[in-house]
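Each chain gets a letter, A, B and so on, in the order its sequence line appears, and its residues count up from 1.
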Amino acid sequence: MAIKKFMYTNRKAPYGTVYALESLEVVLIGAAFDQDVSLAFIGDGVYQLTKGQTTEAIGQKNFSPVYAALGDYDVNKIYIEKESLEERGLSLDDLQHLVWEDEDEDWAEKDSIRLVSRSELADVMTEQEIILSF
Amino acid sequence: MAIKKFMYTNRKAPYGTVYALESLEVVLIGAAFDQDVSLAFIGDGVYQLTKGQTTEAIGQKNFSPVYAALGDYDVNKIYIEKESLEERGLSLDDLQHLVWEDEDEDWAEKDSIRLVSRSELADVMTEQEIILSF
Amino acid sequence: MKFSIQINEGPYQHQASDTAYQFAKAALAAGHEIFRVFFYHDGVNNATRLAVPPQDDRNVAKQWSELALENDLDMVVCIAAAQRRGIMDAAEAKRQGLDADNLMAGFRISGLGQLIEAGIESDRLIVFGA
Amino acid sequence: MKFSIQINEGPYQHQASDTAYQFAKAALAAGHEIFRVFFYHDGVNNATRLAVPPQDDRNVAKQWSELALENDLDMVVCIAAAQRRGIMDAAEAKRQGLDADNLMAGFRISGLGQLIEAGIESDRLIVFGA
Amino acid sequence: MGLLHTVNKSPFESNTFDTCLGYALDGSTVLLIEDGVYAATIGTRASEKIQQKIQSNNDVSFAVLGPDLQARGLENKLADGIKVVDYEGFVNLVAEHDSVQSWL
Amino acid sequence: MGLLHTVNKSPFESNTFDTCLGYALDGSTVLLIEDGVYAATIGTRASEKIQQKIQSNNDVSFAVLGPDLQARGLENKLADGIKVVDYEGFVNLVAEHDSVQSWL
């Protein structure tokens, strides 16, 4: 089967709407298809990755721990738009530290997150063949 | 039955979402209850009243003619927020001319639309007892 | 105090129904009366009995149904909005010649006048939506 | 060219499904192939056969169903999203112990892999949502 | 007391919060819920606007729904001058004000 | 050709249109549909931004879905430099560009 460049663009905050959760479900299923996958977190999408989410009181399931498992599914190109993060008063320290292990380098642990400018992310987006928007 | 001050705040554009249509359905049913009714059109809500809506090509029903019937239902306090209209490059000439007939003045035809500033409309809103938001 | 609640969005897609549910529980716990919960727009989709969410997630329709049955809440689903979206009780399904219905116990289908009446009869009406 | 379409919102509440329908008709009229229409999130609510909208309004589910039957379209409803929201075919309803089902003819329920496959197999995938 | 305004949308994605500020008169409270709670976090243009509003009109109050702030992992990012309430506090705010405008 | 960007939200209520402009590179087209068509109307900040974008980068094109503009009664308010397409034209735009980003 051909390998295509897939991008998931995540632009919605978690819990207020279902898109973040159901987008993550697509990414997990999609990982089995061995495509060239990138995730982009833009605008309120960056809020999906905040540390310390505690959801008991709102009666919803906390799905944020699942992001830490993405590396195990070989989903390791995770782009965060710098402008979006800064506008929200956040830095990478406020987000989960996502990593993957590189089989080709004796399972060395590497960062999955790539902090990029809007302009850099626009270039990455232009290279995609299929863009799933949430 | 007690008479209460009801306000319907309409803040969504028509056709892109259902709120404008289904809000209008509430207003029509509500008119039978003889309450003190005001309608506020704020933000994209002002687009609900544009002239010349032609919906065949999008496959939806054009419900804009119904606004002209509101006067017959004694719904005649229709507030348009001036700032919202101007920000959208529109003037009252771009909107339907809504009128009602005043029984107490030998059925004289009067304007239903009141163009008010945000600050004036905020005062009117504060006087309400029940606010239905769409 | 006497509250009524309007819910404009369906379950899961938006948090509106979850927030309204937590609000309703807290209002009852504080000794307030809930005159009516009115489901409008996509809010009617909260009233299906056919939902089977994952085991580790909440079942929004069931939560409402149980809250209503425990507290004798009047939960009204707008008939016009429900017919557009395929929420049917047995009587209405029969009248429309449909072969199935899907309304959850604890909800009833009625007209928009019930929303206006809720506004008139309640001290406060609060709208949850998107 | 081979298109696939993803629809993220239910009927009426948002225009997404209407726009997608007009797009699909135009694509077919222009001689393009539609590999698959995938209904996700509240988009699954487009697949109910219990909707009875007013006579002077469109019936969104029926429009899709007829377009699919006329053009042999593959219209897939995401099973996980459908179970959350109460869209059930007869087989799944039976397995879940439910007493009714509501899936419209022309739609089928399947997994999210069908969406990924649509992306792989199609020249273009376009998402309609809110 | 005046109106209770609720805002449930992110101030970064929607103009709802800004519109609401223009309608918040003396005696009213603005309650941030759901994705609206992001307006209550430090280092943002939205929370600056809240500070400005409080300074120019100290008869307008601001509150945020704690459970929604916790869910989003931002409890320790709360800006000054905003009261945290739980669902019971939400109910109390509705009871204390004359009516409610939900900025949807 | 580059990306086709679709925008379906009003530029007055949502920041989606502004975000999209930042992602529109050479060879791309921005297609305004549904409530996104309001950005194409004269006398608005949004249509000014479109003019600025065209002037600073004439390799980015703008189009609007005619049926949505008609439905909203704003056909005679169309700003300069924006091409009107019908659903067939929408299909052609999708076919002509390499892929599609829907700014939902």
Side-chain angles (χ1 to χ4, degrees), chain A residues 1-45 48 55 58-63 66 69-70 73-75 77 125-134, chain D residues 1-10 13-17 19-20 23 27 32-47 76-87 108-130:
Chain A
M1 193 154 43
I3 291 185
K4 276 195 177 177
K5 292 174 86 74
F6 271 72
M7 174 172 271
Y8 298 87
T9 51
N10 298 291
R11 294 181 45 246
K12 310 268 167 78
Y15 310 115
T17 55
V18 82
Y19 307 103
L21 167 63
E22 290 189 336
S23 166
L24 191 53
E25 291 180 353
V26 180
V27 173
L28 293 176
I29 298 285
F33 286 77
D34 292 326
Q35 301 294 304
D36 180 0
V37 172
S38 298
L39 268 58
F41 291 88
I42 301 172
D44 275 1
Q48 295 181 24
T55 62
I58 62 164
Q60 290 193 43
K61 186 176 66 172
N62 177 2
F63 58 91
V66 179
L70 289 176
Y73 288 86
D74 290 329
V75 175
K77 287 188 279 191
M125 188 180 282
T126 295
E127 297 160 7
Q128 304 301 316
E129 296 174 85
I130 295 293
I131 308 176
L132 293 166
S133 321
F134 295 96
Chain D
M1 200 172 255
K2 210 188 280 183
F3 291 122
S4 281
I5 293 171
Q6 178 183 337
I7 300 175
N8 289 348
E9 300 293 335
Q13 191 90 345
H14 295 92
Q15 198 184 345
S17 183
T19 305
F23 180 89
H32 294 291
E33 180 189 340
I34 295 182
F35 177 78
R36 183 166 291 152
V37 184
F38 192 86
F39 295 86
Y40 196 41
H41 304 305
D42 266 7
V44 301
N45 291 326
N46 288 290
V76 177
V77 176
C78 170
I79 188 164
Q83 289 190 346
R84 272 199 187 97
R85 292 167 180 84
I87 299 294
R108 67 186 179 92
I109 293 186
S110 188
L112 276 169
Q114 301 274 310
L115 172 60
I116 307 298
E117 191 197 43
I120 294 169
E121 296 295 334
S122 305
D123 298 306
R124 300 285 183 277
L125 184 139
I126 171 160
V127 186
F128 294 90

K.L.:
Once you round to the nearest 0.5 Å, how far does CG of D:D123 lie from CD1 of A:I130?
P.N.:
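That separation rounds to 8.5 Å.
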
K.L.:
For residues A:K4 and D:G119, report the shortest heavy-atom separation together with the two atoms involved.
P.N.:
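Nearest heavy atoms, A:K4 then D:G119: NZ-O, 3.0 Å.
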
K.L.:
Looking at every non-hydrogen atom in both residues, tell me the closest pair between D:V127 and A:I131 and how far apart they are.
P.N.:
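Nearest heavy atoms, D:V127 then A:I131: CG2-O, 3.9 Å.
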
K.L.:
I need the minimum non-hydrogen distance between A:F6 and D:I116, along with the two atoms involved.
P.N.:
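Minimum heavy-atom separation between A:F6 and D:I116: CZ-O, 3.7 Å.
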
K.L.:
Heavy-atom distances under 4.5 Å only: say whether D:S4 touches chain A with side chain, backbone, both or neither.
P.N.:
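Contact with chain A is absent: no heavy atom of D:S4 under 4.5 Å.
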
K.L.:
Would D:Q6 and A:V26 count as a side chain to side chain contact (heavy atoms under 4.5 Å, CB included) if you check the C-alpha gap in whole Å, the side-chain angles of each, and the deciding distance to 0.1 Å?
P.N.:
CA-CA 12 Å; D:Q6 178 183 337; A:V26 180; over 6 Å; no

K.L.:
Between A:F33 and D:I120, which heavy-atom pair has the shortest distance, and what is it?
P.N.:
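Scanning both residues, the minimum pair turns out to be CD2-CD1, 3.9 Å.
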
K.L.:
So, for A:S23 and D:H41, which heavy atoms are closest and what is the spacing to 0.1 Å?
P.N.:
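That would be N-CE1, 4.4 Å.
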
K.L.:
Less than 4.5 Å to any heavy atom of chain A: does that hold for the side chain of D:L115, its backbone, both, or neither?
P.N.:
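For D:L115, the contact with chain A is made by the side chain alone.
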
K.L.:
Looking at residues at least two apart in the chain, or sitting in another chain, which of them share a side chain to side chain donor-acceptor pair (under 3.5 Å) with D:Q15?
P.N.:
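D:Q15 satisfies side chain to side chain donor-acceptor pair (under 3.5 Å) with F:D68, F:R72 only.
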
